[in-house]
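Report on the following structure.
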Amino acid sequence: MKLQLQSKELFERARINAFKYMDNIEDMRVFPDQKSLDKLEHFDEPLQAKSADPFKVLQSLQHFGSPATTAQTGGRYFGFVDGGAVPVSLAAKWMSDVWDQCGGLYVISPINGKLEMVCEAWLKQVLGLPDSTVAGFVSGTSMANLSALCAARYHLLKKLDWDLNANGMYGAPPIRILAHEQVHASVKKTLAILGFGSQNIEWLPSDDQGRLELDSLPKMDNSCLVLLQAGNANTGAFDNIDWVCDQANAAGAWVHVDGAFGLWAAACKELRHLTKGLDKADSWAVDGHKTLNTPYDSGIVLCKHPDSLITALQANGEYIIYSDRDPMLYGPEMSKRSRAIELWATMKYLGTQGIDDMVMGFHKHALRLASNLEQLGYRVLNDVVFNQVLIDCDDPDKTEAAVAYIQASGKAWLGGTTWKGYPAIRISICSWMTTDEDIDILIDLFADFKKVET
Ligand SMILES: *Cc1c(COP(=O)(O)O)cnc(C)c1O
């Protein structure tokens, strides 16, 4: 069998399909209807022996795939702190997809290697991080948290005279992990992957906004790893990074900040106070694909101790051709997508002012939404310090019914959560596409629900 040669017509077909999708984004349901979901059965088939017509392959995706997408690139997807995608970032990714660069080594993709260096410098600049900070470009904050905690573990054990790479965890001196109840699921997963076990964590209480209770912080020493959060996934709240870092630095502890979406507050003049003291931490994790609105997958690990990150994530092989800076040494992956390309395009396009304006825009939408919902009789459960609005109704059943009502409308999508033991509604504003009119549509939906539920 001879594979069909690449044909430009195939790409032309993909382009036409993609443009149809773009043209329709504001009119399509934000979550697919049941009919579209049922049609996903189309894909339930055994893999056939003979080669398929590539146009038919694309046609399946167009007919059965695209109607079962969520309208994340539109303005009314308010679920999960999922960002949209700034057009130039999507276009740059599209273009570089054709290059199909393996980003692991400089010699395999000089352009990706170069743009990682540029993005590293720019990220330090906009987030106000120390000069020694290096960046690894990974799939998302889950991988960024994992990479940072690998570096932290290596670093702390080394200071305790233990060579982790040689001796592993067997018989290693214990690391004390200090985390509060509201750390993100991905942080808990990372702790499990790294073999720390949930029982060995010193779990600390959090306050009504999901911030670490400062009084609860125990006396630290140089075996401590402190896990902080810039942007709670429900409330958007920020831990007191400045105060904790001062205590931790005096004790020789390592502070990691999970700022998947919230770290971008540091790039916004009016919100920068939320991340005060950020530069005093040791490592940070942030996403491009949330607040910055790059396409998926784009996460970044930042670490003030380059040697610890690189040694913890070492990769040796006789055949590897090393250069001055090889991307694969800054993250867990070897072969990887050259994701710095669209990250660079996004930052280059927006500039520091554009990033500032976009982040501030999310905050302003969130404030207006919260005050309107309060007027409608919903309870706003959080201090709206960033882009998250957490609300509920006066009874839990109504809260759940409101979520279902809005999800079923197809005009917007948001998710439910549990807050302090009760159902709550979580609204994330983090798409560059969201306009005042989109916020008005959401407010109207909440107003309509008040009418139908009485
Ligand atoms: C989304 C999120 C993560 C996980 O990031 P991914 O990019 O989904 O891997 C971690 N922490 C917080 C606070 C988040 O919001």
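All residue numbers refer to positions in the sequence shown, counting from 1.
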| Within 6.0 angstrom of Asp221 CG, more than 12 heavy atoms from elsewhere | yes

| Is a donor on one side and an acceptor on the other found under 3.5 Å between the side chain of Asp326 and the backbone of Gly104? | no

| note | Between the CG atom in Leu369 and the OH atom in Tyr378, the distance rounded to the nearest 0.5 Å is 11.0 Å

| query | Under 3.5 Å, is there a donor-acceptor pair linking the side chains of His180 and Asp239? | reply | yes

| query | Would you say Lys304's side chain and Asp279's backbone share a donor-acceptor pair under 3.5 angstrom? | reply | yes

| query | How long is the span from the CE atom in Met358 to the CH2 atom in Trp432, to the nearest 0.5 Å? | reply | 10.0 Å

| request: Scan side-chain atoms only and decide if Tyr21 and Thr73 contain a donor-acceptor pair under the 3.5 Å cut-off. | output: no

| query | Between the main-chain N or O of Lys93 and the side-chain N or O of Arg339, is there a donor-acceptor pair closer than 3.5 Å? | reply | no

| request: For atom CD of Glu213, decide whether the heavy atoms of other residues, nucleotides or ligands shown that lie under 6.0 angstrom number more than 12. | output: yes

| side chain to side chain contact (heavy atoms under 4.5 Å, CB included) against Asn24, all qualifying residues, sequence neighbours excluded | Asp27, Met28

| said: Trp284 vs Ile300, test: side chain to side chain contact (heavy atoms under 4.5 Å, CB included). Steps then yes/no. | reply: CA-CA 8 Å; Trp284 307 264; Ile300 305 132; over 6 Å; no

| query | Do we get Lys158 above Trp254's six-membered ring, with its NZ or CZ under 6.0 Å from the centre and within 45° of the axis? | reply | no

| query | Is a side-chain donor-acceptor pair under 3.5 Å present for Ser109 with Gln101? | reply | yes

| query | So does Asp131 pair up with Lys124, basic N to acidic O under 4.0 Å? | reply | no

| field | NZ/Lys189: more than 12 non-hydrogen atoms of other groups inside 6.0 Å | value | no

| said: To the nearest 0.5 Å, what is the distance between CZ on Phe446 and CD1 on Ile406? | reply: 3.5 Å

| message | Can you tell me if Tyr296 has over 12 outside heavy atoms packed within less than 6.0 Å of its OH? | response | yes

| query | What is the distance from atom CG of Leu228 to atom CH2 of Trp243, rounded to the nearest 0.5 Å? | reply | 11.0 Å

| request: Drop me the distance from Leu157's CG to Asn167's CG, to the nearest 0.5 angstrom. | output: 9.5 Å

| What's the spacing between Glu400 CD and Ile425 CD1 if we round to 0.5 Å? | 9.5 Å

| said: I'd like to know if the side chain of Arg426 reaches the main chain of Leu390, judged simply by a donor and an acceptor atom lying under 3.5 Å from each other, with no hydrogens or angles considered. | reply: no

| said: Keeping Asn165 on the side-chain end and Thr311 on the backbone end, is there a donor-acceptor pair under 3.5 Å? | reply: yes

| task | Enumerate the residue pairs fulfilling side chain to side chain donor-acceptor pair (under 3.5 Å) with a member in residues 134-148, sequence neighbours excluded, ordered by first and then second residue. | result | Thr141-Asp287, Asn145-Ser186, Asn145-His256

| SB check Glu342 Arg337 (cutoff 4.0 Å) | yes

